[in-house]
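To keep things clear, I will list the structure first and then write my remarks on it.
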Amino acid sequence: MPYEHLNSFERKAIYYRYNSGESYRSIGRLLNRHHTT
């Protein structure tokens, strides 16, 4: 399974959504990524 880095859109989405109170699991589902990424 190849590894793929997060792009700037994904990083911003994680930053803003986590700061607004969303969980890492829900953000991971939104971005189609594992929550520990």
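A quick note: this is a predicted structure, and the numbers were derived from the prediction, not measured. Nothing fancy with the numbering, it's 1 onward along the sequence.
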**Study point:** Pairs flagged by salt bridge (Lys or Arg N to Asp or Glu O under 4.0 Å) wherever residues 18-29 is involved - sequence neighbours left out
**Key:** Arg17-Glu22
Exercise for review: Please collect all salt bridge (Lys or Arg N to Asp or Glu O under 4.0 Å) contacts where either partner lies in residues 5-16, sequence neighbours excluded, each pair once.
Suggested key: Glu10-Arg33
Point to revise | Asn32, CG: over 12 other non-hydrogen atoms inside 6.0 angstrom | key: no
Those residues that, when tested against [X], pass ring pair (Phe, Tyr, Trp, His ring centres under 6.0 Å) (two or more places apart):
| X | answer |
| --- | --- |
| Tyr16 | none |
| Tyr15 | none |
| His34 | none |

Review point. Who else is in Ile14's hydrophobic cluster (ILVMFWY, side-chain heavy atoms under 4.5 Å, direct or via others)?
Key: Leu6, Phe9, Tyr18, Tyr24, Ile27, Leu31
Exercise for review: Could you tell me the separation between the OG atom of Ser23 and the NE2 atom of His35, rounded to the nearest 0.5 Å?
Suggested key: 9.0 Å
